[in-house]
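Structure record follows, encoded as structure tokens.
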Amino acid sequence: MRFNYLTAIALHIVIGLLFYYVGFFPRIYFFGVIGYFLFQIFNTSPREKTFTILTACAYIVGIEVLFRMTKAGLFYESSKYLVILFMLIGMVFKGLSNRSFPYLIYLFLFIPSVVIASTNVGLDTDLRKNIAFVLSGPVCLGVSALFCYDKSIKVNQLNNVVFYLGLPIISLTTYLFLYTVRLEDIFRGTESNFAASGGFGPNQVATVLGIGMFVFCINFFLKSKFFIERIVSVLIFAVISYRGIITFSRGGIITAILMIFAFLAVFYFKSSNRSRRVISISLVILIIASSVTWVISSNQTGGLIDKRYSNQDARGREKEDISTGRVDIFLGELEGFVDNPLLGVGAGVMKERRLRETGVTVATHNEISRVVSEHGLLGIIMLIILIVIPLIYRVNNKKNYFFYAFLIFWFATINHSAMRIAAPGFIYALALLNIKYEKRPIHRKRIISKG
């Protein structure tokens, strides 16, 4: 499953072109991706099985939003179920760690909320779809964490898994450029911009583009021996950053910056003095590239993007609510917890409750408040498991230099975009891997005795 870095990038630019120009291609590619990875999973050697499954899941996670935008999948949540399927296949082949049982408990804690939801939802509500919508993400996280906990993987394999996350984001970025050719015609205010997001949800698009920013930023630093690959990486980083910025959705971009900072901090302090000098020079190049990208974005949007990140409207007036209404949703969900503190109001019930009270269907943006309101005390236990277990694991396993970046992505994303996509659950699970570094061979001189 190893192939040339530059060839893979060029291939995914072509795939982006096909997604836009060939109407039937997205659906064919959807089934082609499933068939390809299932073939790889079942035919790879047992020693490579974990790596193969993780690359399959990473690719599905990276392409999920593009599949949704083009209606390529069988249904809206197809990608989450594919990740769950691949992980379950992995459990059959590779088993589970005995110490992963907290995530089994986490999954079982969802059951009471399903029972309660069946008694609380209205007669006109599709119970199955309602529950599946809010629980597919958390279940994807739980299953992924079960499989990944303490699974051994080589450091170069982890780098390739992360690269697989970024490849389809190149296709997404290509698609976005084709979707909005004349960008100067679409910027009128400082709200999230659907036209710049391919006609799809800016929050989800920006979140995935943020992942792409992270992937090609770390490739820029890790591909230190290959000048051309480094240049290509920083260019792709800049292009993806530009497309992410002009969605006007801040959450995914800010999350990417936090991830990059966390990775570079660990990478820098674990490097030798000679490597630190190289990292410092690379950091200067990255800052220059980022600054140029921001200037271009500002000029392209007529300065509106500067006002967006300054929490101003198009006229330069400061907005009262920096959260764009999400604080009100958060507080409303906490009321659900106050009303039902033990077991919560039931899975998916808060969405229906908001519809009854406001007449508008508004999905939550914050997974923490949703879990607490819909699962009550059990939800608090779930959150404790999700936060504490990785930190405990980290005490005796400090070799994953992406650990804090992965956890930051999960925590930041569920606070601005809940678990609408599979990415936060899968990337959270990657923090639980047991990273192995190959030992350098020791060459000993052969001693020949005389006499």
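The first residue in the sequence is number 1, and the count goes up from there.
Although no hydrogens or angles enter the test, the distance criterion places a donor-acceptor pair under 3.5 Å between the side chain of K80 and the main chain of R420. For Y106 (side chain) and A145 (main-chain N/O), no donor-acceptor pair under 3.5 Å exists by modelled atom type. Judged by distance alone, with hydrogens and angles left aside, the side-chain atoms of S298 form no donor-acceptor pair with the main-chain N or O of W294 at under 3.5 Å. In this structure, T301 contributes its side chain and I305 its backbone to a donor-acceptor pair below 3.5 Å. Checked by atom type and distance alone, the side chain of T55 pairs as donor or acceptor with a backbone atom of T52 at under 3.5 Å. Panel note: side chain S417, backbone I414; no donor-acceptor pair is recorded below 3.5 Å. Put simply, the side chain of S310 never gets that close to the backbone of Q312: no donor and acceptor are under 3.5 Å apart. Of the possible polar contacts, none joining the R394 side chain to the A431 backbone as a donor-acceptor pair under 3.5 Å is found. Side-chain N or O atoms of T44 include none that pairs as donor or acceptor with a backbone N or O of I41 at under 3.5 Å. Between the side chain of T293 and the backbone N or O of A289 there is at least one donor-acceptor pair closer than 3.5 Å.
Remark: N340 CG to E374 CD distance equals 11.0 Å, nearest 0.5 Å. A distance of 4.5 Å separates CG of N434 from CG of N397, quoted to the nearest 0.5 Å. A distance of 8.0 Å separates OG of S241 from CG of L286, quoted to the nearest 0.5 Å. In this structure, C140 SG and I60 CD1 are separated by 11.0 Å, a value rounded to the nearest 0.5 Å. One finds the CZ atom of R276 at 15.0 Å from the CD1 atom of I281 (value rounded to the nearest 0.5 Å). A distance of 11.5 Å separates CZ in F216 from CG in L235, rounded to the nearest 0.5 Å.
Sparse packing is recorded around NZ of K71, with 12 or fewer heavy atoms of other residues, nucleotides or ligands lying under 6.0 Å away. For F261, the CZ atom is loosely surrounded, since the number of other residues' heavy atoms within 6.0 Å does not exceed 12. The environment of F411 atom CZ is sparse: at most 12 non-hydrogen atoms of other residues, nucleotides or ligands sit within 6.0 angstrom. Shown here is F75, whose CZ atom has more than 12 heavy atoms of other residues, nucleotides or ligands within 6.0 Å. Around atom CG of N43, more than 12 heavy atoms belonging to other residues, nucleotides or ligands sit under 6.0 Å away.
For Y175 and F19, the distance between ring centers is not under 6.0 angstrom. Taking the six-membered ring for Trp and the full ring otherwise, the centers of Y149 and Y393 sit less than 6.0 Å from each other. Taking the six-membered ring for Trp, F163 and Y5 have ring centres closer than 6.0 Å.
Here the closest heavy-atom approach between residue A418 and residue P424 is recorded as O-CG, 4.3 Å. Nearest heavy atoms, S97 versus S100: O-OG, 2.7 Å. Of all heavy-atom pairs spanning P26 and A72, the tightest one is O-CB, 3.3 Å. Across all non-hydrogen atoms, the minimal contact from K399 to I435 is CD-O, 3.3 Å. Of all heavy-atom pairs spanning G62 and I169, the tightest one is O-CG1, 3.8 Å. L146 and L96 make their closest contact through O-CD2, 3.4 Å (heavy atoms, listed as atom of the first residue, atom of the second, distance).
Side-chain N/O atoms of T247 and N193 include no donor and acceptor closer than 3.5 Å. Side-chain atoms of S144 and Y103 form no donor-acceptor pair, as typed in the model, at a separation below 3.5 Å. Inspection of the H12 and S171 side chains reveals no N or O donor paired with an N or O acceptor under 3.5 Å.
Counting heavy atoms from C-beta outward, M419 and R370 have side chains that stay 4.5 Å or more apart. Inter-residue side-chain proximity for F30 and I63 is flagged as unmet; no heavy-atom pair is nearer than 4.5 Å. Under the 4.5 Å side-chain criterion, counting only non-hydrogen atoms from C-beta, F214 is not in contact with F409. You'll find the side chain of Y81 stays beyond 4.5 Å of the side chain of L85, heavy atoms only. In this structure, the side chains of L172 and M69 come closer than 4.5 Å at one or more pairs of heavy atoms. At a threshold of 4.5 Å between non-hydrogen side-chain atoms, the residues L383 and V372 count as touching. Looking at F406 and V162, their side chains come closer than 4.5 Å, going by heavy atoms from C-beta outward. Side-chain atoms of F93 and P46, non-hydrogen and from C-beta on, never get closer than 4.5 Å to each other.
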Go through the steps for L430 and L54 under the test side-chain contact (heavy atoms from CB on, under 4.5 Å), then give the verdict. CA-CA 9 Å; L430 294 181; L54 291 177; 4.3 Å; yes
Check the pair V161 / I153 against side-chain contact (heavy atoms from CB on, under 4.5 Å), numbers first and verdict last. CA-CA 10 Å; V161 169; I153 184 172; 4.2 Å; yes
Side chain to side chain donor-acceptor pair (under 3.5 Å) between R230 and S282, intermediate numbers included: CA-CA 10 Å; R230 296 193 71 205; S282 299; 2.4 Å; yes
Given L165 and I427, is the side-chain contact (heavy atoms from CB on, under 4.5 Å) satisfied, shown in steps? CA-CA 10 Å; L165 265 174; I427 292 177; 4.2 Å; yes
Any chance you could lay out the side-chain contact (heavy atoms from CB on, under 4.5 Å) test for L378 and I381, step after step, and finish with the verdict? CA-CA 5 Å; L378 298 183; I381 296 173; 4.3 Å; yes
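Judged by a 6.0 Å distance limit and a 45° cone about the ring axis, R308 is not positioned over the six-membered ring of F248. Cation-pi geometry between K151 and F147 is met: the NZ or CZ atom falls under 6.0 Å from the ring centre, inside 45° of the normal.
Between Y76 and F200, the ring planes are tilted. Angles from 30° to 60° get that label. Aromatic ring orientation, F263 versus Y401: tilted (interplanar angle from 30° to 60°). Aromatic ring pairs are classed by plane angle as parallel below 30°, tilted from 30° to 60° and perpendicular above 60°; the pair Y164 and Y59 is perpendicular.
Contacts classified as side-chain hydrogen bond (donor to acceptor under 3.5 Å, both in side chains) and involving residues 251-263 (residues at least two apart or in different chains) are not found. The stretch residues 49-67 participates, sequence neighbours left out, in these salt bridge (charged side-chain N to carboxylate O under 4.0 Å, His left out) pairs: E64-R68.
Listed by chain and residue number, S45 satisfy the side chain to side chain contact (heavy atoms under 4.5 Å, CB included) test with R47 (two or more places apart in sequence, or in another chain).
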